[in-house]
Structures are given as C-alpha cells and as structure tokens.
Amino acid sequence: MRIVIQRVSEASVSVAGENISKIEKGMLILLGIEDADTEEDIEWLCNKLSKLRIFSDENDAMNLDINQVEGSFLVVSQFTLHAMTKKGNRPSFIKAARPDKAIPLYETFKKRLAFISGRPVQCGEFGAMMEVSLVNDGPVTILMDTKNKE
C-alpha cells in the first residue's frame, strides 16, 4: 500500500457536485492499493498512522498524534499512486489492484483505522470521479509505502 498523508485544517470530498465527506483538523489519506497488499499491510499502516506525531505542540514542534489533537481521518482511494512512468509518457497502472481485490482491502483499512486509532474516519467513494478539497496545514505532506516499511 502506498499513501500520501496530508496534515489538514480541513478537507472534503465531493462527487457529482455533492459534498459526501468533510473533516476539520486531521489527516487526508490518499490510499493506493496494489495486488500484493494484504491485511498485514493494513495493520502496519493503521498502527503507524494512529501514532504518527505530525501535529504541532505549544512550541510548534511536531510532537502530537491525531488523538492528542482530537483529529479525524479522511480516506480517499487513489489507484494512481501506483503509476509506473518509466516507459513512455502515458502512466501504466498495472500494479494497482483491481476492484475485486481493492474494495475489500479499502473497506477493511477504514474499519481498522477507526478501531486502532479511536478517531473518526470519513471517506471518499471508491471508483468515483471525486473532487478533493483541502487546506494543507504547514504544509505537511508525507509519503509511506508498506512494502518498504517507510
């Protein structure tokens, strides 16, 4: 799994002009699932996200986790995180999991993240053309990949 984490002061998702999800302070998680991903990847990632200290304390140092700031998560599926651009100019998405594999992992990820973190989890709509709006706080943007454990 590959994710892009954006620390946000607010974020929302709209589909066909209708707002379907919105959070205030928290993390926008863009989630890319590949064929090789398993529930072990979900567990590692959810544990990491729930303890990730990317929120500022009273001294403006990133020392606080999402629980300490009473934040929320907004999870948006994004197969394009697995784009391969080595050959040519048109990205290949061959490593991205097909919906029959990706949807169950996406649903499990959202449930496990809520359970492990104890924080609210909002989401986009899998497979839909979405408009994602956000105010990146910092800006703070972090990439993680479960295959590299980083």
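Numbers for residues simply follow the sequence, beginning at 1.
Under a 4.0 Å N-O distance rule, the pair Asp37/Lys101 does not qualify as a salt bridge. Of the charged side-chain nitrogens involved, none lies within less than 4.0 Å of a carboxylate oxygen, so that Asp137 and Lys25 do not count as a salt-bridged pair. Taking 4.0 Å as the cut-off between side-chain N and carboxylate O, Glu34 and Arg2 do not count as a salt-bridged pair. Ionic pairing of Lys51 and Asp65 is not present here: no N-O contact between side-chain nitrogen and carboxylate oxygen is shorter than 4.0 angstrom.
Crowding of Lys149 atom NZ: a count of heavy atoms from other residues, nucleotides or ligands under 6.0 Å exceeding 12. With a 6.0 Å radius and a threshold of 12 heavy atoms from other residues, nucleotides or ligands, Gln68 has its CD atom above the threshold. For Glu107, the CD atom counts as densely surrounded, since its 6.0 Å shell holds more than 12 non-hydrogen atoms of other residues, nucleotides or ligands. Annotation for Lys147: atom NZ counts as buried by contact number, over 12 foreign heavy atoms lying within 6.0 Å.
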Given the rule in the side chain to side chain contact (heavy atoms under 4.5 Å, CB included) test, do Ile66 and Met27 qualify, once you have shown the distances and angles that lead to the verdict? CA-CA 8 Å; Ile66 198 153; Met27 293 183 210; 4.2 Å; yes

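When all heavy atoms of Ser14 and Asn19 are compared, the closest pair comes out as OG-CA, 3.6 Å. Nearest heavy-atom pair across Gly124 and Val13 is CA-CG1, 4.0 Å. When all heavy atoms of Ile54 and Arg7 are compared, the closest pair comes out as O-NH1, 2.6 Å. The minimum heavy-atom distance linking Asp35 with Arg98 is given by the pair OD1-N, 4.0 Å. Considering every non-hydrogen atom in both Asp57 and Leu64, the closest pair reads CA-CD1, 3.7 Å. Across all non-hydrogen atoms, the minimal contact from Leu74 to Ser21 is CD1-CB, 3.7 Å.
Ser50 and Asn67 form no side-chain donor-acceptor contact under 3.5 Å, judged by distance and modelled atom types alone. Side-chain N/O atoms of Glu40 and Thr38 include no donor and acceptor closer than 3.5 Å.
Note on ring orientation: taking the six-membered ring where Trp is involved, the planes of Phe79 and Phe93 are perpendicular (angle over 60°, cut-offs 30° and 60°).
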